[in-house]
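Ligands are counted one by one from 1 in listed order, and the atoms in each one are counted from 1 as well. What you see is a predicted model; the values in this text were computed from it and never measured. Just so you know, these numbers use all the heavy atoms, side chains as well, and skip hydrogens, waters and symmetry mates.
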Amino acid sequence: MLDLTDERLLELMSKTGQMAAEELQATQQGPVFAQPPESLGIRQALGDADVPLPREPEDLPAVLESAGTALAFGRRSSPRFFGYVFSPPNPVAVAADTLASAADQNVTSWRSAPSATEIEWTTLRWLSEFIGFGSDVAGLFLSGGSLAHLTVALIALHAHGAGDADRRRLSLFVSEQAHFSFDKAAVALGVDLRRVPTDERLRMDPDALTAAIAADRAEGNRPFCIVATAGTTPTGAIDPIARLAEIAAEEMAWFHVDGAYGAPAAATERARGAFAGLDRADSVSIDAHKWLYVPVDCSALILRDPDATRGVFGHADEYVKVLQGAPDESFAFWDHGLELSRRSRAFKVWMTFKAYGADALARSIDEDIELAELMADLVREAGDLELLAEPSLSVCCFRHRPRHLSGSDLNAHNQSLLTTLQRDGRAYLSNVTVDGVFGLRACITNFRTTADDVQATVRLVQELGNTFSGRS
Ligand SMILES: *Cc1c(COP(=O)(O)O)cnc(C)c1O
């Protein structure tokens with residue numbers, strides 16, 4: 001019997017609630033790592049690697065203590081964590097995720113999870129309104145942009161009658177800076193991926209796209225899908241969406257906007273203009289776990305045409321067929337995506353929108369963009385730092401440039417600097433390569449980060465960089 005007595009159940013929930021609150025508090029300040037991460041130390045703290053399968057129960061307090069140790073060894077998305085594209089979770093969303101686990105709705109269909117399905121529809125509409133994609137949409141939540149892109153590429157294959165075509169003759173066009181999830185989608189589906197050159201600001205060059213499509217067609221291939229990235233992962237560049245939408249329409253290709261990282265910025269005055277044409281896309285992907293401050297995993301694939309998924313995902317087994325009920329009540333997500341069992345990912349976004357309001361979220365996103373601009377200003381002012389790309393959205397790419405180093409020595413120097421910084425744990429940046437130059441990349445997607453954090457991080461880079469450039 002796995003149940004606990006009422007008393008122990010409440011005790012467990014209040015203890016884990018308290019631990020969760022402490023974890024959120026630890027993330028409010030930093031450091032990124034409580035101690036330098038090192039695999040042997042972690043294993044020893046958690047029990048040796050060859051610790052046997054527990055056959056007998058441990059006391060719950062001991063289990064919770066191990067859990068606490070595991071949390072303490074984690075990486076925290078503290079206000080000076082600027083690596084990858086990753087936000088700390090807002091506390092309401094963490095609570096929401098806990099509740100979603102307790103209710104454990106399996107959101108396969110309306111019949112299996114009636115309220116969670118209604119919430120998913122509402123949340124997709126809210127999200128779509130938030131970014132200016134309109135409120136008349138379909139779609140679903142998935143684990144991340146990677147699955148969203150595989151899913152949308154499959155949907156695009158079936159649009160415009162390409163479903164029966166020879167896949168080796170179908171091409172998916174993305175920019176050179178697009179995310180590698182499109183390489184995976186192309187591999188999985190057996191289509192060709194074409195990477196189109198970018199302009200000086202690392203945005204897809206529309207003329208290069210037109211030329212690439214013409215060359216491809218001359219070889220007997222057909223463009224079935226064109227993707228605009230609205231916020232590239234390396235530098236935050238936004239492809240010219242409106243122009244690419246025109247080309248996609250002329251070519252009768254599906255037009256997707258990869259907003260996994262950047263789409264939430266379309267909710268801000270500051271960045272909205274760069275997203276002009278977004279409403280002309282057939283679909284858009286948004287990772288709520290990136291810039292809407294909810295815990296992983298939570299990505300939305302929003303589709304303009306509710307019929308786009310018809311026939312794409314084959315026939316479900318008899319046992320899951322919904323045989324009766326009103327149209328909404330016979331709705332099944334399995335007809336619209338690759339997953340069958342799914343947790344209620346929308347729940348944490350729904351509670352986040354309700355608890356904070358869309359305007360506060362947009363303000364927070366706006367502040368992140370402003371902080372990236374501040375970081376770029378600090379880099380420009382510093383004699384020993386060099387900006388590698390104009391900041392775009394909330395990304396700032398730069399490198400340390402001591403006077404006595406040049407060329408490949410600078411690349412090596414910045415590589416060691418990055419490793420040192422990442423192990424140091426007071427702040428965290430990741431790497432980027434801009435035009436063959438190795439650099440440090442900060443992506444600011446944290447509602448807690450302040451100007452102080454940005455200043456301290458820039459100073460830390462200078463300090464660490466100068467320490468060992470003097471030594472070498
Ligand atoms: C992160 C990212 C993806 C992939 O999303 P996951 O949720 O990590 O699978 C795709 N595109 C862009 C632009 C991204 O930043």
- [ ] Assert yes or no for the condition that the ring centre distance of F224 to W254 is strictly below 6.0 Å.
- [x] no
Task: N446 vs S87, side-chain hydrogen bond (donor to acceptor under 3.5 Å, both in side chains): CA-CA, chis, key distance, verdict - done: CA-CA 5 Å; N446 189 332; S87 62; over 6 Å; no
TODO: Please report which non-hydrogen protein atom sits nearest to atom 14 (C) of ligand 1, along with the residue it belongs to and the distance in Å to one decimal place.
DONE: K290 NZ, 2.9 Å
TODO: Can you pull out the closest protein heavy atom to atom 4 (C) of ligand 1? Residue, atom name and distance to 0.1 Å, please.
DONE: H179 CE1, 3.3 Å
Task: Within 45° cone of F33 ring axis and under 6.0 Å: R423 NZ or CZ - done: no
Task: NZ or CZ of R342 within 45° of F141 ring axis and under 6.0 Å - done: no
Task: Numbered atoms and elements of ligand 1 in range of H289, under 4.0 angstrom, heavy atoms - done: 7 (O)
Open item on the list: When you compare ligand 1 with D287, is there at least one nitrogen or oxygen pair between them that comes in under 3.5 angstrom?
Closed with: yes
Open item on the list: A cation-pi test, strictly: NZ or CZ of R304 under 6.0 Å from the centre of the six-membered ring of F133 and no more than 45 degrees from its axis. Yes or no?
Closed with: yes
Open item on the list: Suppose I only count heavy atoms of Y261 and a 4.0 Å limit; which atoms of ligand 1 are within that range?
Closed with: 15 (O)
Task: For G144, atoms of ligand 1 separated by under 4.0 Å from a heavy atom - done: 7 (O), 9 (O)
Task: Flag for N106-S112: side-chain donor and acceptor within less than 3.5 Å - done: no
- [ ] Examine H336 together with F331 and report whether their ring centres are nearer than 6.0 Å.
- [x] yes
Task: Short N or O distance, S181 and ligand 1, threshold 3.5 Å exclusive - done: no
Task: S146, portion touching ligand 1 at heavy-atom distance under 4.0 Å - done: both
Task: N or O pair under 3.5 Å between D258 and ligand 1 - done: yes
Open item on the list: I'd like to know whether ligand 1 has G231 as a neighbour, heavy-atom separation below 4.0 Å.
Closed with: yes
Task: ring-ring contact (aromatic ring centres under 6.0 Å, His included) between W334 and F313, worked out - done: CA-CA 8 Å; W334 69 69; F313 296 96; over 10 Å; no
Open item on the list: Among all the protein's non-hydrogen atoms, which is closest to atom 6 (P) of ligand 1, and how far away is it?
Closed with: G145 N, 3.3 Å
Task: Distance filter under 4.0 Å to A260 heavy atoms, resulting ligand 1 atoms - done: 2 (C), 3 (C), 10 (C), 11 (N), 12 (C), 14 (C)
Open item on the list: At less than 4.0 angstrom from any non-hydrogen atom of T233, what atoms of ligand 1 do you find?
Closed with: 12 (C), 13 (C), 14 (C), 15 (O)
Open item on the list: When you measure from the centre of the six-membered ring of W350, is the NZ or CZ of K348 closer than 6.0 Å and no more than 45° off the axis?
Closed with: no
Open item on the list: Is a donor from one side chain sitting under 3.5 angstrom from an acceptor on the other, for R75 and S77?
Closed with: yes
Open item on the list: Is it the case that ligand 1 has an N or O less than 3.5 angstrom from some N or O of V85?
Closed with: no
Task: Nitrogen or oxygen atoms of S143 and ligand 1 under 3.5 Å apart - done: no
